[in-house]
Amino acid sequence: MKYKIFISSVRKEFEQERKFIKQEIENDYVLNRFFDVFLYEDLSALGSAPKEVYTKEAINSDIYIGLIGSDYGSILESGISPTELEYDLYNKTHNDALIYIKDVEFRDERTKDFIKKIGVHSYTRFNDRYDLIKQIKESLAGFIDKNLRNYRAFDYEILTDSSCDDVDMEALELFFNVLEYEPIEKIRDEKGLKNVLSTIRAGEYENGEFRLNTAGALFFAKDISKFNISHQVKMVRFFDDEGINTFEKAEYNLSFLKLLKEAKLFFNKTLVNISQIKGFERETVQDYPFEAIREGLVNALAHRDYTITTAPITFYIYNDRIEIKSPGRLVYPLTISGLEKDGPIHRNEAICNIFSKTKYMEHVGNGIKRMKDVMRAHGLEEPEFAETGEFFKVTFRANDAHNGLNDRQKEFLRFSDESEITIKEYMEMFGVVRNTATKDLNELADKRMLEKIKNGKQIIYKKVN
């Protein structure tokens, strides 16, 4: 069910504001689920818009938004303006009109009288349309909270054609492997399985039968496509920085924890490994810390807008960066600048609730900080966050200085404890011939990453701080 919003004002004075309000509500992925906006202009575009049509809309609307500025407007046969008439009609059956008064230097006398009349209701002042839409969205959020407390969110919706037979025990085992705490209980039979799924709110009993909800299916179903839930993740490794030449690609429709497992395999397979020297052993290290990348993927899975069915989550690896993009902008009132300091606001509460029981999201609301901390600890820039069209994107950038270097060069610069080295020592460290060692070191010197110093007949290459 959607609630109708009726916008009333002197049309010529607030022509831009009226269109702006409708556009902003329609483009908001939370508000547009609950509200439809009626404008007189919509009827005018189709032909005539008789007075009885829009007055009926005012009477039958769920929310009345009135804009008042300088002008009172034209006078009807009844002796009042259309705006005041619409206000009167709405107030016959409602007492919660939202009135917004623009700060202006001049108001005609009829407008001043109208403001006195509506003084029995609270009203809000505004300066410009951006100030106006901010206040309108806050009021609509309050309306949702007050009137839709019993609204069943998408991820809590019960899948009536589901049962415990749809549960993938391998997916459930993966869940137990990443629990933040010890398993609730061992699953010995169907009763134990239902108890666990009920406890983590992955489903509930309906008419005596246990059913998965949407979140439960996304985590544990053998075949999620059975329930017609859009949850694809597309992974691509490109040869370049522009996304033109594809090296490898895959698309998955798996349950969440299986997706994260496949993402790690894809990450390890398609990125260059570096061997870090630790004593006499080598430890494989990636250009990026997978912990940060996984956090970005978990956020994408947990917070994407699943009502957008035409686009997948994308996990794209370029030569110079990794981008994770998910359908759906930030949930109002979150902003890019306030991501870390604002408290958590969840589009998908049931999904986040299940994720919060795992090590992947054990501290709900700290994911952005963890990504930043892990990237910095790896010697890389903090990830970048952006809203692009209908999507939210996080970008992890490689160390620009190391682009174009081979594995040996990267390893020496980033992981070797040696601050300086000779050609012979480089040959021994990597098991290469003299020509290869010389070429590697001279390239680093040409890029000003090493300083080439002559010491008699010997050449020493020193790291540049």
Side-chain angles (χ1 to χ4, degrees), residues 1-26 31-32 34-140 142-144 146-147:
M1 174 186 175
K2 282 195 174 184
Y3 291 82
K4 292 183 179 179
I5 295 175
F6 183 89
I7 300 179
S8 177
S9 72
V10 175
R11 284 188 289 277
K12 184 174 288 188
E13 182 177 3
F14 288 105
E15 180 180 1
Q16 296 304 315
E17 285 84 353
R18 292 161 64 87
K19 293 177 181 178
F20 182 68
I21 292 168
K22 180 169 184 175
Q23 179 183 345
E24 284 290 305
I25 292 174
E26 289 179 344
L31 298 182
N32 69 14
F34 302 113
F35 302 111
D36 277 328
V37 180
F38 172 84
L39 292 182
Y40 170 88
E41 291 86 340
D42 296 336
L43 290 177
S44 298
L46 299 174
S48 62
K51 182 180 70 176
E52 56 268 21
V53 174
Y54 60 81
T55 53
K56 181 180 178 181
E57 289 290 339
I59 295 170
N60 294 329
S61 63
D62 299 294
I63 298 174
Y64 172 97
I65 293 177
L67 309 180
I68 300 176
S70 301
D71 300 330
Y72 179 70
S74 59
I75 307 297
L76 299 171
E77 293 178 2
S78 58
I80 60 176
S81 70
T83 304
E84 187 168 353
L85 173 63
E86 292 157 6
Y87 171 81
D88 289 343
L89 291 171
Y90 179 82
N91 274 327
K92 285 182 178 180
T93 54
H94 303 74
N95 61 359
D96 55 355
L98 301 177
I99 307 297
Y100 300 91
I101 300 177
K102 187 172 184 178
D103 288 329
V104 293
E105 293 182 1
F106 170 80
R107 265 187 252 279
D108 60 33
E109 290 303 317
R110 292 293 299 265
T111 301
K112 293 177 183 178
D113 292 339
F114 184 27
I115 292 174
K116 289 179 183 178
K117 177 179 179 178
I118 65 172
V120 294
H121 295 119
S122 60
Y123 55 80
T124 307
R125 295 187 177 275
F126 70 96
N127 296 311
D128 54 36
R129 61 181 181 175
Y130 299 102
D131 182 28
L132 172 63
I133 193 61
K134 178 177 181 293
Q135 297 187 61
I136 288 175
K137 285 187 173 183
E138 288 174 354
S139 296
L140 295 179
F143 179 92
I144 293 172
K146 177 181 176 182
N147 295 281

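These numbers come from a predicted model, not from an experiment.
For the residue pair Y90 and I63, the shortest heavy atom distance occurs at OH-CA, 3.9 Å. Shortest non-hydrogen contact noted between S74 and P82 is O-CD, 3.3 Å.
Applying the side chain to side chain donor-acceptor pair (under 3.5 Å) rule to T83 yields no partners; only residues at least two apart in sequence or on another chain are considered. Remark: D113 engages no residue in a side chain to side chain donor-acceptor pair (under 3.5 Å) (not counting sequence neighbours). Residues passing the salt bridge (charged side-chain N to carboxylate O under 4.0 Å, His left out) test with K19 are E15, sequence neighbours excluded. The ring-ring contact (aromatic ring centres under 6.0 Å, His included) check on F114 picks up Y87, with sequence neighbours excluded. For E17, the side chain to side chain contact (heavy atoms under 4.5 Å, CB included) criterion is met by F14, L67, K102, R129, L132, not counting sequence neighbours. With sequence neighbours left out, the salt bridge (charged side-chain N to carboxylate O under 4.0 Å, His left out) criterion links R107 to no other residue. Legend: residues meeting side chain to side chain donor-acceptor pair (under 3.5 Å) with K22, ordered by chain and number and at least two apart, are D42. Shown here are the salt bridge (charged side-chain N to carboxylate O under 4.0 Å, His left out) partners of E13, two or more places apart in sequence or in another chain: there are none. A search for side chain to side chain donor-acceptor pair (under 3.5 Å) contacts involving D36 returns nothing, not counting sequence neighbours. In this structure F106 satisfies the ring-ring contact (aromatic ring centres under 6.0 Å, His included) test with no other residue, sequence neighbours excluded. Judged as a side chain to side chain contact (heavy atoms under 4.5 Å, CB included), and not counting sequence neighbours, the contacts of S139 are L98, Y100. Residues satisfying the salt bridge (charged side-chain N to carboxylate O under 4.0 Å, His left out) criterion with R125, sequence neighbours excluded, are D103.
In this structure, I80 CD1 and L76 CG are separated by 7.0 Å, a value rounded to the nearest 0.5 Å. To the nearest 0.5 angstrom, F143 atom CZ is 6.0 Å from D62 atom CG. In this structure, the separation between CD1 on I115 and CD1 on I101 is 4.0 Å, given to the nearest 0.5 Å. For the atom pair CD1 of I68 and CD of E84, the computed distance is 9.0 Å after rounding to the nearest 0.5 Å. Atom CZ of R110 and atom NZ of K112 lie 14.0 Å apart (nearest 0.5 Å). The CG atom of L85 sits 11.5 Å away from atom CD1 of I75, with the distance rounded to the nearest 0.5 Å.
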Q) Passes side-chain contact (heavy atoms from CB on, under 4.5 Å), D88 versus K117? Steps please. A) CA-CA 10 Å; D88 289 343; K117 177 179 179 178; 2.8 Å; yes
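In this structure, the ring of Y3 has its center no less than 6.0 angstrom from the ring center of F34.
Inter-residue side-chain proximity for R11 and L39 is flagged as unmet; no heavy-atom pair is nearer than 4.5 Å. In this structure, K92 and I59 have side chains that are not in contact, with every pair of non-hydrogen atoms separated by 4.5 Å or more. Contact of the I5 side chain with the I21 side chain is not registered, since no non-hydrogen atoms from C-beta on lie closer than 4.5 Å. You'll find the side chain of D71 stays beyond 4.5 Å of the side chain of K12, heavy atoms only.
Under the 3.5 Å distance criterion, with hydrogens and angles disregarded, a donor-acceptor pair is assigned to the side chains of S8 and Y64. Under 3.5 Å, the side chains of S9 and R18 contain a donor-acceptor pair of N or O atoms.
Under the 3.5 Å distance criterion, the side-chain polar atoms of K4 are left unmatched by any main-chain donor or acceptor of A58. Although no hydrogens or angles enter the test, the distance criterion places a donor-acceptor pair under 3.5 Å between the side chain of T111 and the main chain of Y72.
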